[in-house]
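Naming convention: chains lettered A, B, ... in sequence-line order (proteins, then strands); numbering from 1 in each chain.
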Amino acid sequence: MTAFWVLAPIMVLAALGILFVRKAVHAALLLAVVMISLAVLYAVLEAPFLFAVQIIVYTGAILMLFLFVLMLVGVDASDSLVETIKGQRVLAWLTGLAFAVVVVVGLGQITFGTAVGLDGEGGANEGGNIQALANLLFSRYVFAFEVTSALLITAAVGAMVLAHRERLTPKETQADIAARRVRDFSEKGVHLGPLPPPGVYARHNAVDTPALLPDGSPAPASVSRVLAARGTVRVAADLADDIAPIAGQIERPEDASDRNHSVRGKGMRDHK
Amino acid sequence: MAAAAEAEHHVPVVAPVEADGVFSLLWLIIALPLLGAAVLLLGGRFTDKWGHLLGTAMPVGSFVLSLVSFFTLLGRDDEERQVAQHLYDWIQVGGLDVGMDLLYDPLSALFLLLITGVGSLIHVYSIGYMAHDPRRRRFFGYLNLFVAAMLMLILAENYVGLFLGWEGVGLASYLLIGFWQHKPSAAAAAKKAFVINRVGDMGMALAIFLLFVTFGSTSFTEISVGVQAGTTVGVSGLDTTLNWIGVLLLIGACGKSAQVPLQAWLLDAMEGPTPVSALIHAATMVTAGVYLITRSNFIFENAPHAQTAVVAVATVTLLWGAILGCAKDDIKKGLAGSTMSQIGYMMLGAGLGVAGYAFAIFHLLTHGFFKANMFLGAGSVMHAMDDDVDMRHYGGLQKLLPVTFLTFAMGYLAIIGFPGFSGFWSKDKIIEVALTENLFVGICALLGAGITGFYMTRMMFLTFFTKPRWEKGVHPHESPWVMTVPLIVLAALSVLGGLMLAGNWIVDFLSPVVGHVEHEEPPLPAIVITLIVVAVVGIGVGLAFLLVQKRDVPREAPKDVSFVVKAARADLYGDAINDALVVRPGGHLVTALVATDRTVVDGAFMGGSTTLGGVGQALRRLQTGYVRSYALSVLGGALLLVLILVAVNL
Amino acid sequence: MPYVILSAILFTIGAIGVLTRRNAIVVFMCVELMLNACNLAFVAFAHQHGNLDGQIAAFFVMVVAAAEVVIGLAIIMTIFRTRRSASVDDASLLKF
């Protein structure tokens with residue numbers, strides 16, 4: 001029971017944390033804490049197979065899936081905790097607490113005897129927990145097991161269908177793209193070549209730093225529109241201070257042969 | 001009335017023998033016109049060219065068959081003069097077993113001859129009369145349908161079959177009266193005839209129900225046997241039942257035969273083409289009521305109160321119709337009033353019991369001849385006068401329409417009862433019987449005969465004598481031979497119809513059906529009565545001569561007339577009475593019901609739905625669209641469930 | 001039986017999370033928390049009674065949860081793709 005008394009407060013606290021943290025990533029991490037703790041509890045409760053499955057499937061697969069979707073949806077899309085539905089929060093808490101109280105009190109009325117346990121002489125786990133589970137799964141629960149396979153297949157297909165985006169127009173070939181770019185150039189004067197990569201003429205070549213044009217102003221085309229929309233683009237002017245000394249170093253003519261090499265090496269280091 | 005009481009026990013039962021020989025073709029008499037109607041009405045425009053010829057050939061074929069059957073019947077003994085033919089089982093439900101049976105006996109035989117004979121003549125006449133009507137083929141289809149229905153009515157061996165024909169006649173008359181449906185007045189008249197006939201039909205249907213309940217059958221044979229057995233044994237309550245049946249049958253007869261109080265439709269029904277008036281409203285359809293009463297003689301002979309009712313209705317009607325006839329300027333309406341009156345005579349004869357049945361049928365036949373003759377003559381006059389029906393616009397036509405005039409005159413002499421003509425013999429007999437049975441009724445009938453003389457003479461003078469009053473541009477001309485030949489034939493029959501009474505032939509011929517009673521001595525010698533009748537008619541004729549021929553007839557009907565004339569012109573306020581007694585109360589009732597429906601029923605209904613709607617409006621606020629609200633209610637439900645579980649367990 | 005009490009508490013916390021959080025992904029996590037709480041109860045009862053049926057049930061819950069997560073996240077993705085929002089309150093057009 002030591003493990004329980006150690007883990008139970010952690011789990012409750014982590015679970016409560018999920019209710020209050022603003023960022024979804026944090027909630028996912030707190031959920032991971034709960035789940036791993038649960039896995040440990042499973043081990044304590046003589047369920048080694050579920051212990052492994054809990055870690056692999058839940059903590060490993062499902063939580064990863066959550067994080068993956070969070071990435072797609074936007075990691076830093078945080079939740080406003082201001083309630084929009086009138087009375088929802090109060091009612092939710094009241095009902096929830098009433099539910100907890102009723103269930104806990106109700107369970108408290110029940111007296112459980114000593115736990116039978118699974119391990120040990122003549123226990124259900126005799127011959128190994130996994131073997132015993134397999135025995136049950138492929139005998140009494142074999143139909144449910146087979147049905148589960150159908151469920152999983154359906155889920156997989158369903159996920160594909162939902163995630164699939166229908167292509168409405170024929171795919172643009174390389175020749176089409178080239179033709180379009182030339183046409184844009186001739187009609188609207190759009191730059192024919194590739195977009196300037198971020199960080200050209202700049203100290204930083206991170207994707208959120210726009211390239212500088214020869215006159216020192218930032219090139220809007222060099223950063224992703226998504227980043228610009230989120231407002232996470234770093235203004236190149238902030239970095240302009242760093243540029244002057246470097247420029248000074250470059251303009252020193254006398255020790256061009258070795259200095260040049262070192263400047264280039266320094267620049268390389270700065271990029272990291 | 002000892003003799004009459006004696007006669008009650010000698011009402012013959014209907015006991016037909018199985019049809020064989022020519023009688024096995026009885027069904028064909030009905031089937032031929034029915035086939036004609038089917039071909040003409042279903043064939044569509046395809047039959048336009050020859051439709052009228054086929055439509056005429058069919059009743060002629062029936063007439064030939066009727067004639068053959070009639071002579072075959074004459075060759076038989078009295079006991080074998082009732083022939084029945086079973087065609088097929090029609091309705092078999094529980095205790096109700098109605099066969100499609102035909103009954104051919106002297107009564108049916110005479111009717112068949114009248115219907116198919118006069119009907120055929122009217123068909124021939126219609127070929128000319130409707131020559132320029134674009135819907136002539138349809139007209140002949142309806143005529144054939146009518147003839148078929150009437151034949152079904154006459155030939156049926158049970159009341160249900162009779163009712164089938166009865167309704168068919170009603171339908172056909174509706175179609176024919178409203179034939180010129182583009183005229184609102186014709187459409188309204190058709191509707192009126194149909195609705196008033198429904199009232200009568202209801203009585204008829206109720207009578208059939210009551211017959212079935214009482215006797216377990218609707219067949220004439222079984223009911224007549226049942227009545228005889230019942231009265232002989234003295235079943236308690238049978239008298240009352242028979243009286244009720246009689247009254248209900250009388251209501252049915254009133255509807256079809258335009259007797260007071262269901263008379264209002266007949267005059268309006270003149271909106272139909274004139275051959276229709278001749279066929280339906282003179283020769284055949286309106287006689288259905290007389291036929292019904294005569295056919296049901298085994299009931300009426302045992303239902304004295306119903307018989308009294310028949311006599312009362314008939315007496316009122318014969319005077320009513322005669323008075324109407326005096327005031328009408330429309331030649332067809334005048335004739336219609338006279339028809340009403342003459343049917344009243346027939347009903348009177350039928351209501352007088354065994355002594356009168358044969359004379360009722362006799363008068364029916366002669367009336368069929370001379371009234372058809374006069375209607376067709378009136379049609380011929382209208383044909384000449386560009387479809388003008390107002391007699392005040394006629395005058396002096398005897399030179400221009402010689403054939404029409406002569407034939408019409410034959411009909412005229414017949415109807416007023418000029419000695420020697422058919423109407424003289426038949427009407428005289430009815431008046432004689434009426435005087436014998438009841439002095440008051442007899443005097444009324446006598447008065448009616450006088451009025452008949454007056455209005456028919458008035459019609460005759462207004463149309464054929466006096467000064468011409470027609471408008472410029474009207475060029476009266478004689479009708480084509482296809483119209484005049486039927487007139488001549490009917491005129492001949494009008495003159496010679498009285499021969500049927502020669503040697504009391506018709507009375508003897510009909511006695512197997514209606515019974516026979518020893519001739520009772522009238523209060524006065526027969527020859528005296530006859531003279532009185534002729535004298536009364538002569539007074540009427542003379543009055544008309546003085547009032548019409550000796551004065552100038554204004555082209556427009558004078559407005560400042562006495563109350564009596566006004567009343568007669570307004571159909572003796574028949575429509576007003578109907579309006580006051582039925583139409584307006586009915587309208588008020590419907591208005592009240594509609595108001596009740598609107599307020600009470602709709603109110604309850606709409607109130608309930610509005611309440612529910614309001615509750616729904618309030619409850620739909622729960623559907624916020626927020627999935628979290630729904631989740632909250634789910635959790636609340638779970639909480640309740642747990643609470644209940646805890647509460648139950650504790 | 002403290003495990004069951006813990007399970008109940010975790011379940012309630014998960015439920016309250018579902019009711020109060022608006023980010024669909026967090027809501028989904030809370031649903032998973034509730035499922036896990038149930039699993040804990042299953043496993044605890046299996047231990048209590050000394051048979052493995054509870055563990056089998058927990059196993060099936062996990063399988064179903066995995067399938068559910070796949071579909072649920074795909075739905076969230078689709079909604080996000082069209083509405084640019086992962087808030088459950090934004091998808092509230094299906095109402096009176």
[X] versus chain C, heavy atoms under 4.5 Å apart: side chain, backbone, both or neither?
{"X": "A:E46", "result": "both"}
{"X": "A:F49", "result": "side chain"}
{"X": "A:V103", "result": "side chain"}
{"X": "A:H26", "result": "neither"}
{"X": "A:L31", "result": "side chain"}
{"X": "A:T114", "result": "backbone"}

Quick check on [X] against chain A: is it the side chain, the backbone, both or neither that has a heavy atom closer than 4.5 Å?
{"X": "C:Y3", "result": "both"}
{"X": "C:M29", "result": "both"}
{"X": "C:V64", "result": "both"}
{"X": "C:A15", "result": "neither"}
{"X": "C:I75", "result": "both"}

Counting heavy-atom pairs under 4.5 Å with chain A, which one of [options] comes out on top?
{"options": "C:I9, C:I76, C:V63", "result": "C:V63"}
{"options": "C:A58, C:A74, C:P2", "result": "C:P2"}
{"options": "C:V18, C:I25, C:I5", "result": "C:I25"}

So does [Y] get a backbone contact from the side chain of [X], meaning a donor-acceptor N/O pair under 3.5 Å?
{"X": "C:R21", "Y": "A:I18", "value": "yes"}
{"X": "A:R140", "Y": "C:D53", "value": "no"}
{"X": "C:Q48", "Y": "A:G113", "value": "yes"}

As an exercise: rank [options] by heavy-atom pairs under 4.5 Å with chain C and give me the winner.
{"options": "A:A100, A:A156, A:G108", "result": "A:A100"}
{"options": "A:A28, A:A144, A:G117, A:G158", "result": "A:G117"}
{"options": "A:T148, A:L50, A:V104, A:L16", "result": "A:L50"}
{"options": "A:L152, A:L137, A:V161, A:V57", "result": "A:L137"}
{"options": "A:F68, A:W5, A:F99", "result": "A:F99"}

Would you call [X] and [Y] a side-chain contact if the rule is heavy atoms closer than 4.5 Å?
{"X": "A:Y58", "Y": "C:V69", "answer": "no"}
{"X": "A:F112", "Y": "C:F45", "answer": "yes"}
{"X": "A:Y141", "Y": "C:F60", "answer": "yes"}
{"X": "C:L40", "Y": "A:L45", "answer": "yes"}
{"X": "A:L38", "Y": "C:N39", "answer": "no"}
{"X": "C:T20", "Y": "A:F20", "answer": "no"}

Closest non-hydrogen atom pair, [X] against [Y]:
{"X": "C:F80", "Y": "A:V73", "value": "CZ-O, 3.0 Å"}
{"X": "C:A8", "Y": "A:L107", "value": "CB-CD1, 4.3 Å"}
{"X": "C:N36", "Y": "A:M35", "value": "ND2-CE, 3.1 Å"}
{"X": "A:A92", "Y": "C:I16", "value": "O-CG1, 4.1 Å"}
{"X": "C:V70", "Y": "A:A159", "value": "CG1-CB, 3.2 Å"}
{"X": "C:T78", "Y": "A:L162", "value": "OG1-O, 3.4 Å"}

**Prompt:** Which pairs, with at least one residue in residues 1-12 of chain C and sequence neighbours excluded, count as a salt bridge (Lys or Arg N to Asp or Glu O under 4.0 Å)?
**Reply:**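 Residue pairs with at least one partner in residues 1-12 of chain C: there are none.
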**Item:** Worked verdict on C:L6 versus A:F4 for side chain to side chain contact (heavy atoms under 4.5 Å, CB included)
**Value:** CA-CA 10 Å; C:L6 175 64; A:F4 176 80; 3.5 Å; yes
**Asked** Any side-chain donor-acceptor pair under 3.5 Å between C:Q55 and A:Y42?
**Response**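 No, no side-chain donor-acceptor pair sits under 3.5 Å.
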